[in-house]
Amino acid sequence: APDGYDLPNPNVFGPLTLTEANADDGVQTTAANTRTEEPQPVTGEVRVEKTDAETGDPLAGAKFELWEETNGIPGLQTGGATPDSQVGGVCTTGANGLCVRTVETGTYYWRETAAPDGYDLPDPNVFGPLVLTEANADDGVQITAANTPTEEPQPVTGEVRVDKTDAETGAPLEGAVFELWEETNGTPGLQTGGLDPDTRVGGTCTTGTDGVCARTVEPGTYYWRETAAPDGYDLPNP
C-alpha cells in the first residue's frame, strides 16, 4: 500500500471484463485504502507522595521535578554532557501530598528541589527509579518521599544576677525590689520612659536571704533597676 495506508483485505479487485464492445472505453475499478492507524503509546501515572517522616501525614508545598532515564547511565544525571531528560516543569504538592504525571512507559525519577515550610530537604533528594511498564500502566507507579521537620536551634541563655549587700559590711540584704531591663533602643544607658524606652524583662524581683535576684535570658545587654530598698536602707543613687 502507499505510505501511511493499510493494504486492503481482500487485496484483489475485479474481475474486469474487457470486450470488443467496451474496448474503446476500457474498464476500471476503484481500490480504496484506509489510512494506517498509528498505535497509541501505552501511558500511565508516575506519582510521588510527600509525607511527614514522623507522623506519615501528607505535606503540601514540596516542589518536585520529574526526570526520565534517557542517557543509559544508571541513576539520575541532571547535568553534564549527557543528562537524563526532565519531563515538564516543576510540580508542587497539594493538600494530598501528591505530584502526578501521566507519561509513556519508561524509567523515571522524582527530584525534590524545595521542602515544605518547616521541613528539611532530604539527602539524597532523588526518589526512584520508578519503572512504568505495559503490565503496571493501568495502576501506575508511586513512591513515598518523607521529610523530617526542621529542628529550630535552641537559643543560648544564661543568668544575669544582682547581689544586694550592705555597703559597710558586705552582708547580703533581703527585701530589695528590682526590675530587669534589656538594652533594645540603641541609645546608651537605660531609658525606662519616653517615646522609645528599652524593654523590661518580666516582673519585679525581691531579693531573698541570699540577697540575689537572678533571671535566665538570651544574650544581650541588661540593667538591674532597684525600685525599693530593704527596710532600714536608702535607695541608691543612681
Side-chain angles (χ1 to χ4, degrees), residues 48-65 90-99 111-127 144-238:
V48 61
E49 182 183 19
K50 170 56 57 179
T51 63
D52 183 302
E54 298 176 359
T55 66
D57 293 336
L59 296 177
K63 296 184 183 299
F64 284 93
E65 298 169 347
V90 173
C91 174
T92 303
T93 58
N96 62 0
L98 288 175
C99 272
R111 177 175 180 246
E112 187 172 355
T113 57
D117 290 343
Y119 288 82
D120 293 328
L121 191 66
D123 185 16
N125 64 334
V126 174
F127 301 89
T144 298
N147 283 36
T148 303
T150 301
E151 290 188 6
E152 294 295 333
Q154 296 301 309
V156 176
T157 60
E159 279 191 349
V160 290
R161 299 180 294 270
V162 60
D163 183 22
K164 170 54 62 175
T165 62
D166 183 297
E168 297 178 359
T169 67
L173 295 179
E174 182 179 1
V177 180
F178 284 94
E179 297 170 348
L180 181 64
W181 290 75
E182 183 179 5
E183 174 62 65
T184 57
N185 65 2
T187 304
L190 173 62
Q191 292 80 44
T192 61
L195 295 176
D196 187 23
D198 291 308
T199 302
R200 183 172 166 181
V201 180
T204 59
C205 173
T206 302
T207 59
T209 56
D210 61 355
V212 172
C213 273
R215 287 269 167 75
T216 298
V217 292
E218 296 182 16
T221 298
Y222 295 87
Y223 301 91
W224 285 105
R225 178 175 182 242
E226 188 173 356
T227 59
D231 290 343
Y233 287 84
D234 293 327
L235 192 66
N237 185 17

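Positions are given from 1 along the sequence.
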Which atoms form the tightest heavy-atom contact between [X] and [Y], and what is the distance?
X	Y	value
L98	N96	N-OD1, 3.0 Å
P122	N125	O-CB, 3.4 Å
V156	P219	O-CD, 2.8 Å
D52	T55	OD1-N, 3.1 Å

(message) Counting neighbours of CG on D117 that are heavy atoms of other residues, nucleotides or ligands and sit closer than 6.0 Å, is the number greater than 12?
(response)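 Not buried by this count: 12 neighbours or fewer within 6.0 Å.
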(message) Under the side chain to side chain donor-acceptor pair (under 3.5 Å) definition, can you give me all pairs with a residue in residues 206-219, not counting sequence neighbours?
(response)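 Non-adjacent pairs meeting side chain to side chain donor-acceptor pair (under 3.5 Å): zero.
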(request) Mind jotting down which residue pairs meet the side chain to side chain donor-acceptor pair (under 3.5 Å) criterion with at least one end in residues 159-172? Sequence neighbours excluded, please. (result)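 Passing the test, one end in residues 159-172: E159-R161, K164-E226, D166-Y233.
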Which residues share a side-chain contact (heavy atoms from CB on, under 4.5 Å) with [X], sequence neighbours left out:
X	result
E183	N185, D198, T221, Y223
A60	none
T144	E49, T51

Suppose we screen for side chain to side chain donor-acceptor pair (under 3.5 Å). Which residues come up paired with [X], at least two apart in sequence or across chains?
X	answer
D120	T150
W224	none
T204	none

(request) Could you tell me the separation between the CD atom of Q191 and the OG1 atom of T199, rounded to the nearest 0.5 Å? (result)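 So the CD of Q191 and the OG1 of T199 are separated by 11.0 Å.
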(message) Strictly by disulfide (SG to SG under 2.5 Å), give each pair with a member in residues 203-238 just once, sequence neighbours left out.
(response)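 For residues 203-238: C205-C213.
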(request) Could you name each residue pair satisfying salt bridge (Lys or Arg N to Asp or Glu O under 4.0 Å) that touches residues 53-65, not counting sequence neighbours? (result)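 Non-adjacent pairs meeting salt bridge (Lys or Arg N to Asp or Glu O under 4.0 Å): E65-R111.
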(request) Please tell me if the side chains of V160 and V201 come closer than 4.5 Å, counting only heavy atoms from C-beta onward. (result)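 Of all side-chain heavy-atom pairs linking V201 with V160, none is under 4.5 Å.
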